[in-house]
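Residue numbers start at 1 and run along the sequence shown. Only heavy atoms go into these numbers, but all of them, side chains included; no hydrogens, no water, no symmetry mates.
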Amino acid sequence: ETVVEQPFTHSIDLQGTIKSEDEMMLSPKMPGNVTKVLIKVGDQVKAGQVIAYMDDAIMKQSMSQVQTQLDFARQNFEKLDRLWKQGIGTEVQLLGAKTQVEAVERQMATMVEQNSGNTVRAPRAGTIDEVYAKVGMPASPGMPMAKLVTKSGLKVVADIAEGYSGKVRRGNQVILVFGSFYSKQE
């Protein structure tokens, strides 16, 4: 072949990772064991979508006991109210029964709110990047069950060997390869 002067292009291969500047760890509000995981890596989730369930058997049992107390308190109040309207009983008894109903209703509302913590939801839309939770494993508040990322602020991060660090400059052409997908970027 005839030697011809032409531009020489040198390239280096690097492995990098895609990072999101907008990511969050998802964790339960209540401690317990994971009973169901509804997501996998790569899933798109919507804000409020259920991603996992925690064991709520003990909470439901407690709620059942409080519901029994509430039913009794309501029946007692209704009886005292009927008697009061007939001129039987004291106002203090009636007010005590009413206060008891209100107190148990507040207790039940608190328990319902606590039990909702056994359902783990995505606080906003995004993509599941990692799933740490497995059925049967214990989980607690602050303990990550999954990582949620959004498409905003995505970047590719790669370490460059020290020998090349002076040769790589802003504006150099970069070819990104994702599996069998190629993307040329400046």
Side-chain angles (χ1 to χ4, degrees), residues 17-155 179:
T17 56
I18 298 174
K19 301 267 184 186
S20 173
E21 292 177 1
D22 188 15
E23 64 184 39
M24 67 182 333
M25 296 297 182
L26 307 179
S27 65
K29 293 179 184 175
M30 300 292 294
N33 290 329
V34 178
T35 57
K36 195 169 196 177
V37 178
L38 304 173
I39 52 162
K40 60 186 181 311
V41 173
D43 283 355
Q44 300 292 318
V45 296
K46 297 177 183 166
Q49 181 177 333
V50 176
I51 65 155
Y53 290 105
M54 306 288 290
D55 182 16
D56 62 352
I58 294 171
M59 181 61 81
K60 283 187 176 180
Q61 186 178 31
S62 296
M63 288 171 64
S64 175
Q65 291 170 352
V66 171
Q67 184 62 50
T68 302
Q69 293 172 1
L70 181 58
D71 293 342
F72 176 76
R74 284 180 178 155
Q75 287 173 354
N76 188 43
F77 172 73
E78 289 168 5
K79 284 182 183 181
L80 289 172
D81 187 47
R82 281 193 304 270
L83 290 171
W84 175 252
K85 288 176 183 173
Q86 295 173 13
I88 303 170
T90 67
E91 185 177 9
V92 172
Q93 289 175 316
L94 183 63
L95 291 175
K98 182 179 178 187
T99 301
Q100 180 66 25
V101 168
E102 291 170 353
V104 178
E105 284 175 342
R106 282 192 302 273
Q107 182 182 4
M108 179 59 91
T110 299
M111 292 180 87
V112 168
E113 177 63 29
Q114 286 175 336
N115 196 45
S116 72
N118 288 319
T119 302
V120 184
R121 297 179 183 276
R124 63 176 178 235
T127 303
I128 300 299
D129 187 48
E130 294 181 50
V131 177
Y132 310 109
K134 292 184 179 16
V135 173
M137 73 179 272
S140 59
M143 181 179 171
M145 294 182 78
K147 182 165 68 168
L148 178 72
V149 297
T150 62
K151 291 179 183 176
S152 65
L154 289 179
K155 60 184 175 182

Practice task
Taking Ser140 for its side chain and Met143 for its backbone only, find out whether a donor-acceptor pair lies under 3.5 Å.
Solution key: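 No: the side chain of Ser140 does not pair with the backbone of Met143.
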Exercise for the section: Verify, without hydrogens or angle tests, whether Ser27 (side chain) and Gly142 (backbone) share a donor-acceptor contact under 3.5 angstrom. Expected result: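 Answer holds: yes.
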Exercise for the section: State which residue, out of Gln69, Gln67, Arg74, fulfils the side chain to side chain donor-acceptor pair (under 3.5 Å) condition with Asp71. Expected result: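 For Asp71, the side chain to side chain donor-acceptor pair (under 3.5 Å) check succeeds only for Gln67.
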Handout entry: Close side-chain approach of Glu105 to Leu70, heavy-atom, < 4.5 Å
Key =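 They are in side-chain contact.
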Exercise for the section: Kindly indicate whether the side chain of Val34, heavy atoms from C-beta on, has any atom under 4.5 Å from the side chain of Lys134. Expected result: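 Contact flag for Val34/Lys134 side chains = no.
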Atom of [X], atom of [Y] and distance for their closest heavy-atom approach:
{"X": "Val66", "Y": "Met111", "result": "CG2-SD, 3.4 Å"}
{"X": "Pro31", "Y": "Asn118", "result": "O-OD1, 4.5 Å"}
{"X": "Ile39", "Y": "Val45", "result": "CG2-CG1, 4.1 Å"}
{"X": "Asp43", "Y": "Leu38", "result": "OD2-O, 4.2 Å"}
{"X": "Arg124", "Y": "Thr150", "result": "NE-CG2, 4.0 Å"}
{"X": "Leu26", "Y": "Ala122", "result": "CD1-CA, 4.5 Å"}

Practice task
Just do the side chain to side chain contact (heavy atoms under 4.5 Å, CB included) check on Met25 and Tyr132 with the steps written out, would you?
Solution key: CA-CA 10 Å; Met25 296 297 182; Tyr132 310 109; 3.7 Å; yes
Spacing of [atom1] belonging to [X] relative to [atom2] belonging to [Y], to within rounding of 0.5 Å:
{"X": "Glu23", "Y": "Glu130", "atom1": "CD", "atom2": "CD", "value": "8.5 Å"}
{"X": "Thr119", "Y": "Lys29", "atom1": "OG1", "atom2": "NZ", "value": "9.5 Å"}
{"X": "Leu94", "Y": "Thr99", "atom1": "CG", "atom2": "OG1", "value": "9.0 Å"}
{"X": "Met145", "Y": "Ile51", "atom1": "CE", "atom2": "CD1", "value": "6.0 Å"}
{"X": "Thr127", "Y": "Leu148", "atom1": "OG1", "atom2": "CG", "value": "7.5 Å"}
{"X": "Met63", "Y": "Thr110", "atom1": "CE", "atom2": "OG1", "value": "10.5 Å"}

Would you say [X] has more than 12 foreign heavy atoms packed within less than 6.0 Å of its [atom1]?
{"X": "Gln86", "atom1": "CD", "value": "yes"}
{"X": "Lys98", "atom1": "NZ", "value": "no"}
{"X": "Gln44", "atom1": "CD", "value": "yes"}

Exercise for the section: Report the C-alpha separation of Asn76 and Gln100 in whole Å, then their side-chain angles, then the decisive distance to 0.1 Å, and conclude whether the side chain to side chain contact (heavy atoms under 4.5 Å, CB included) test is met. Expected result: CA-CA 10 Å; Asn76 188 43; Gln100 180 66 25; over 6 Å; no
